[in-house]
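Just so we're on the same page: letters track the sequence lines, and every chain starts at 1. No experiment lies behind these values; they were computed from the predicted model shown.
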Number of protein chains: 2
Amino acid sequence: MGAVERTAGDEGGPWAEVGPDAARRLLIAAVDAFAERGYHATTTRDIAGRAGMSPAALYIHYRTKEELLHRISRIGHEKALEILRAAADRPGSAAERLADAVRSFVRWHAAQTTTARVVQYELDALGGEARAEIMALRRRTDAVIRDLIEDGARGGEFDVHDVEGTTLAVLSLCVDVARWFNAAGRRTPDEVGALYADLVLRMVGAKG
Amino acid sequence: MGAVERTAGDEGGPWAEVGPDAARRLLIAAVDAFAERGYHATTTRDIAGRAGMSPAALYIHYRTKEELLHRISRIGHEKALEILRAAADRPGSAAERLADAVRSFVRWHAAQTTTARVVQYELDALGGEARAEIMALRRRTDAVIRDLIEDGARGGEFDVHDVEGTTLAVLSLCVDVARWFNAAGRRTPDEVGALYADLVLRMVGAKG
DNA sequence: GGACCATCTAAGCGCTCGCTCAGCCTTCCG
DNA sequence: CGGAAGGCTGAGCGAGCGCTTAGATGGTCC
């Protein structure tokens, strides 16, 4: 209903950068609907209805329903990558940086479950170039974790037999949070992040 | 094409128990289609076409498209549960049984990716009683892993602070294999199973 | 005040969806 | 050989889909 205030930074909700206002409302409605029912089970009428608009209004701001998913997916992946990088680039030992990265990444997947669910599980609905673009972003995400594990392994800080496989497993663990996390449940995003950071340090055999 | 032979045991493909022949062909076609495109993006015409039949033939053997998913989901969950239980019930230390359970469970998710993908990721498309029935099966699966971890923790064999959270993480890790595993990739189901069993033992802080 | 542009809606087009039905084969039983 | 039963198909129904179009509305600049 009321207008969303824009603060100086990039805060003010996860979608503050999307404008104009009607376009953002439609996008947020689409995120909710896609997360709840999945892309293919969501109708453009449902999205428009959630945004308080007529079905035709959607096509003023987006060319197709798929473009909505594409925009959501790209922004979401970029946000996740940014969060991971920020943690990985901080000074500290490999163990500290890996734990920090996992903690932040998991916290995001838990706190923004609806977005994360769309980002992680609705990729298959994209085709052609859009899909290729998103998969490239995802490979960059994977690389951040792999580099952290490799650093720790090479420096003797970790005990890892299979860097590639362990990377896959760590990412798996983090991503799957979007599937099971329930905001109404007993755990907070912070608690899950802390638990998972600890588990990952064990997986890589961090000393201490 | 050729008829599927029935051997004495319960072998001869994962769907040998489903009959008659045309019903099984339709079900296998549905598993492939659901795994490839998702339930909502799959049409009954596609399923029938893959099985080499006309669209109307589907409705001789199944009342609705949803009933196909329900049948696939129940049989798949039962198979997964059976595999887990068989490993968990074998004699041995908690660590040995947990490693064995994870190894078997992961191997199944990797070797039967198409089935596992439908089982793990298309549950939301089921509604009402069907969904409740499947979720009960899933809770029984979760309980097997939790009991194993609890056993090891109580006996001092494991070092686990948060049994419930660690259980969630272990299941997460196993289930997500269905999402990323690629039969054409470099890893065999056996290799992934062995790697994941090792990682899980580290997560629970198994001595030795 | 009038032209212009962006935004939005009511109505609806063409299409494909899940599903149905009348009728044709094949098989089996006498 | 006749008749019943079940498996299957071709044709198609009603509904709902993604998306389009014509026109109403409201703000902005001359």
Given 3.5 Å as the limit, does a donor-acceptor pair link the side chain of B:R97 with the main chain of B:G92, or not? yes

Within the side chain of B:T42, is there an N or O that forms a donor-acceptor pair under 3.5 Å with the backbone of B:A33? yes

So, does A:R25 use its side chain to make a donor-acceptor pair with the main chain of A:A51 at under 3.5 Å? yes

Nearest whole Å is fine: how far is D:dG6 P from B:D21 CG? 19 Å

From CG of A:L58 across to C1' of D:dT21 the rounded distance in Å is 16 Å

Donor-acceptor contact present, side-chain B:Y196 to main-chain B:R107, <3.5 Å: no

Output yes when a side-chain donor or acceptor of B:Y39 lies under 3.5 Å from a complementary backbone atom of B:V118, and no otherwise. no

Rounded to whole Å, how long is the line connecting atom OH of A:Y39 with atom C1' of D:dC17? 12 Å

Fit a plane to each ring of A:F105 and A:H109, take the angle between them on a 0 to 90° scale, and name the class: parallel (under 30°), tilted (30 to 60°) or perpendicular (over 60°). perpendicular

What is the distance, rounded to the nearest whole Å, between atom CZ of A:R45 and atom P of D:dA15? 14 Å

Using a cut-off of under 3.5 Å, enumerate the N/O to N/O pairs linking the protein to nucleotides 22-27 of chain D.
none

When every non-hydrogen atom of B:Y121 is compared with those of B:R179, the smallest separation belongs to OH-CB, 3.5 Å

Can you tell me if B:R117 uses its side chain to pair, donor with acceptor, with the backbone of B:A178 under 3.5 Å? yes

Counted 5' to 3', the first and last nucleotides of DNA chain C within 4.0 Å (strictly under) of a heavy-atom of chain A are C:dC8 to C:dG12

Restricting both atoms to N or O, compile the protein contacts to nucleotides 7-10 of chain D shorter than 3.5 Å, with distance only.
{"unit_1": "D:dC8", "atom_1": "OP2", "unit_2": "B:H61", "atom_2": "NE2", "d": "2.8"}
{"unit_1": "D:dT9", "atom_1": "OP1", "unit_2": "B:S54", "atom_2": "N", "d": "3.4"}
{"unit_1": "D:dT9", "atom_1": "OP2", "unit_2": "B:S54", "atom_2": "N", "d": "2.9"}
{"unit_1": "D:dT9", "atom_1": "OP2", "unit_2": "B:S54", "atom_2": "OG", "d": "2.9"}

Going from CZ on A:R146 to CG on A:L168, what distance comes out if it is rounded to the nearest 0.5 angstrom? 9.5 Å

Quick one: closest heavy-atom pair of B:R45 and B:P55, and the distance? CG-CG, 3.8 Å

